[in-house]
**Student:** 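My structure is below; once you've seen it, I'll send some questions.
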Amino acid sequence: KMSKNVLVVIDMQYDFIDGSLAVKNGEETIAPINKLLENGHKFDKVIFTQDWHPADHCSFGKTHNKEPFTSITLETGIQQDLWPVHCVQDTHGAELHVDLKRDHLTNAE
């Protein structure tokens with residue numbers, strides 16, 4: 001059966017809410033997301049995504065001894081924008097915010 005009503009919640013992790021790549025007022029988006037889930041909206045699936053990097057990810061400035069928000073050219077010839085270390089696997093910054101309602105969470109398939 002094809003899902004018709006899907007809610008996808010993108011990267012509501014600590015590093016994007018109040019961490020190294022925080023979005024201004026990011027925490028204010030939690031209540032509207034929870035309201036969608038609590039007010040009887042019928043979603044066939046609810047999916048939460050997570051940014052998830054190894055500690056030495058090629059997009060981190062620290063990996064290349066460079067400042068975040070600069071760019072380098074990788075050995076492949078591809079230009080890589082560099083970011084602060086964020087959403088490292090198995091760290092607090094990579095976790096979904098605790099205040100998100102997850103009763104309707106659809107596990108990855």
**Student:** Could you tell me whether a side-chain N or O of S59 sits under 3.5 Å from a main-chain N or O of W83, the two making a donor and an acceptor?
**Tutor:** no
**Student:** Can you tell if the side chain of I47 reaches within under 4.5 Å of the side chain of V9, non-hydrogen atoms only?
**Tutor:** no
**Student:** Got a donor-acceptor contact below 3.5 angstrom from the D18 side chain to the E27 backbone?
**Tutor:** no
**Student:** Could I get the full list of ring-ring contact (aromatic ring centres under 6.0 Å, His included) partners for H64, not counting sequence neighbours?
**Tutor:** none
**Student:** Keeping D15 on the side-chain end and C87 on the backbone end, is there a donor-acceptor pair under 3.5 Å?
**Tutor:** yes
**Student:** Tell me the closest heavy-atom pair linking I17 and G26, and the distance in Å.
**Tutor:** CG2-C, 4.3 Å
**Student:** Test side chain to side chain contact (heavy atoms under 4.5 Å, CB included) on N34 and L100; report intermediate values, then the result.
**Tutor:** CA-CA 6 Å; N34 286 342; L100 288 167; 4.3 Å; yes
**Student:** Please examine the side chains of T63 and C58, heavy atoms only from C-beta on, and report whether any two atoms are closer than 4.5 Å.
**Tutor:** no
**Student:** With a 4.5 Å cut-off on side-chain heavy-atom distances among I, L, V, M, F, W and Y, is there a chain of contacts connecting L36 to M12?
**Tutor:** yes
**Student:** Once rounded to the nearest 0.5 Å, what's the spacing between atom CD1 of I33 and atom CG of D99?
**Tutor:** 11.5 Å
**Student:** First locate atom NE2 of H86, then atom CG of L21, and finally report the distance between them rounded to the nearest 0.5 Å.
**Tutor:** 5.5 Å
**Student:** Side chains of E67 and L82, heavy atoms from C-beta outward: is any pair under 4.5 Å?
**Tutor:** no
**Student:** Any heavy-atom pair between the side chains of F60 and P68 that's under 4.5 Å?
**Tutor:** no
**Student:** Are the side chain of D44 and the backbone of N5 linked by a donor-acceptor contact shorter than 3.5 Å?
**Tutor:** yes
**Student:** Between CD1 of I10 and CZ of F48, what distance do you get to the nearest 0.5 Å?
**Tutor:** 10.5 Å
**Student:** How many angstroms lie between atom CD of Q80 and atom NE2 of H57, to the nearest 0.5 angstrom?
**Tutor:** 7.5 Å
**Student:** Do the side chains of L37 and L7 get nearer than 4.5 Å, heavy atoms only?
**Tutor:** yes
**Student:** Measure the CZ-NE2 distance between R102 and H97 for me, rounded to the nearest 0.5 Å.
**Tutor:** 9.5 Å
**Student:** Working to the nearest 0.5 angstrom, can you tell me the gap between D90 CG and W52 CH2?
**Tutor:** 4.5 Å
**Student:** Under a 3.5 Å distance rule, please check whether Q13 uses its side chain to pair with a backbone N or O of D51 as donor and acceptor.
**Tutor:** yes
**Student:** Looking only at atom types and distance, does a side-chain atom of E95 sit under 3.5 Å from a main-chain N or O of Y14, one as donor and one as acceptor?
**Tutor:** no
**Student:** Hydrophobic cluster membership, with links at side-chain heavy-atom distances under 4.5 Å among I/L/V/M/F/W/Y: are F69 and F16 in one?
**Tutor:** yes
